[in-house]
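What follows is a set of notes on a single structure, which appears directly below.
Heavy atoms only: backbone and side chains are in, while hydrogens, waters and symmetry mates are out.
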Amino acid sequence: MMYAVLFWTGVGVLGFAFALAVQMRMAAAMALRLALADTFGDGHEAADDAAVKAAASGIVDTERAAHISATYPKAVGHISLARTVTRVAPILLLGLVVIRRLTTGGI
């Protein structure tokens, strides 16, 4: 019984972390794209998307990415953290399921 409680608590925490990270990625990226559209105002949505992706990756190769990185470093950091969590949380969840299967024989 104790293992079941720990398992489902872990599943809940990892699921919530994944959902929150996906939401954070979308909200922060949207806010940064709107800030770029407000600053540059030239209607290049594809360039804005590329600048946000580049800034979150740490690649500052365009004027837009440099502007985002310099003006909104916390939002770029949030996107980077959210990208890490969306990569790691499913792997941890899979590991949790495997450990549960191997130790107790069921889900």
Side-chain angles (χ1 to χ4, degrees):
M1 180 68 179
M2 179 66 172
Y3 294 117
V5 171
L6 290 174
F7 171 74
W8 289 110
T9 301
V11 168
V13 167
L14 287 173
F16 181 74
F18 181 77
L20 186 63
V22 169
Q23 179 187 7
M24 187 184 336
R25 283 180 75 171
M26 292 186 331
M30 184 183 301
L32 290 176
R33 283 194 304 268
L34 289 174
L36 279 174
D38 187 43
T39 301
F40 291 98
D42 52 3
H44 291 104
E45 293 179 8
D48 294 344
D49 289 340
V52 170
K53 290 176 187 175
S57 299
I59 303 168
V60 183
D61 56 351
T62 64
E63 179 186 1
R64 293 172 188 266
H67 173 73
I68 286 293
S69 294
T71 310
Y72 306 104
K74 286 190 178 186
V76 171
H78 288 315
I79 292 175
S80 298
L81 176 64
R83 288 175 68 175
T84 303
V85 171
T86 54
R87 287 186 200 127
V88 172
I91 295 168
L92 291 177
L93 184 60
L94 181 63
L96 190 63
V97 169
V98 167
I99 289 171
R100 171 79 172 171
R101 286 289 287 181
L102 293 176
T103 58
T104 62
I107 293 181

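Of all the heavy atoms in T9 and V5, the pair that sits closest is OG1-O, 2.7 Å. What you find for P73 and A70 is that their closest heavy atoms are CD-O, 3.8 Å. When every heavy atom of A28 is checked against every heavy atom of I79, the shortest pair comes out as CB-CG1, 3.5 Å. The nearest pair of heavy atoms linking A55 to A65 is CB-O, 4.0 Å.
At least one side-chain heavy atom of L32 sits less than 4.5 Å from a side-chain heavy atom of Y72.
Distance check, rounded to the nearest 0.5 Å: CE of M30 to CG of D48 gives 13.0 Å. Here the straight-line distance linking atom CZ of F40 with atom NE2 of H67 works out to 5.5 Å at 0.5 Å rounding. Atoms OG1 and CG, on T104 and L6 in that order, are 11.0 Å from each other to the nearest 0.5 Å. Remark: W8 CH2 to R100 CZ distance equals 8.0 Å, nearest 0.5 Å.
Follow the hydrophobic side-chain contacts under 4.5 Å out from I68 and you never reach L34; the two are in separate clusters. Note on V11: it clusters hydrophobically with L14, by side-chain heavy-atom contacts below 4.5 Å among ILVMFWY residues.
Here the options are V60, D61, T62, the test is side chain to side chain contact (heavy atoms under 4.5 Å, CB included), and the partner is R64; only T62 passes.
The ring-ring contact (aromatic ring centres under 6.0 Å, His included) analysis of residues 73-105, with sequence neighbours excluded, yields no pairs.
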Are Q23 and L20 close enough, and set up right, to give a side chain to side chain contact (heavy atoms under 4.5 Å, CB included), and what steps lead you there?
CA-CA 5 Å; Q23 179 187 7; L20 186 63; 4.0 Å; yes
Give the table of side-chain donor-acceptor pairs shorter than 3.5 Å for residues 85-94, with sequence neighbours excluded, one pair per line with atom names and distance.
from : atom 1 : to  : atom 2 : distance (Å)
T86  : OG1    : R25 : NH1    : 3.0
T86  : OG1    : A82 : O      : 3.1
T86  : OG1    : R83 : O      : 2.9

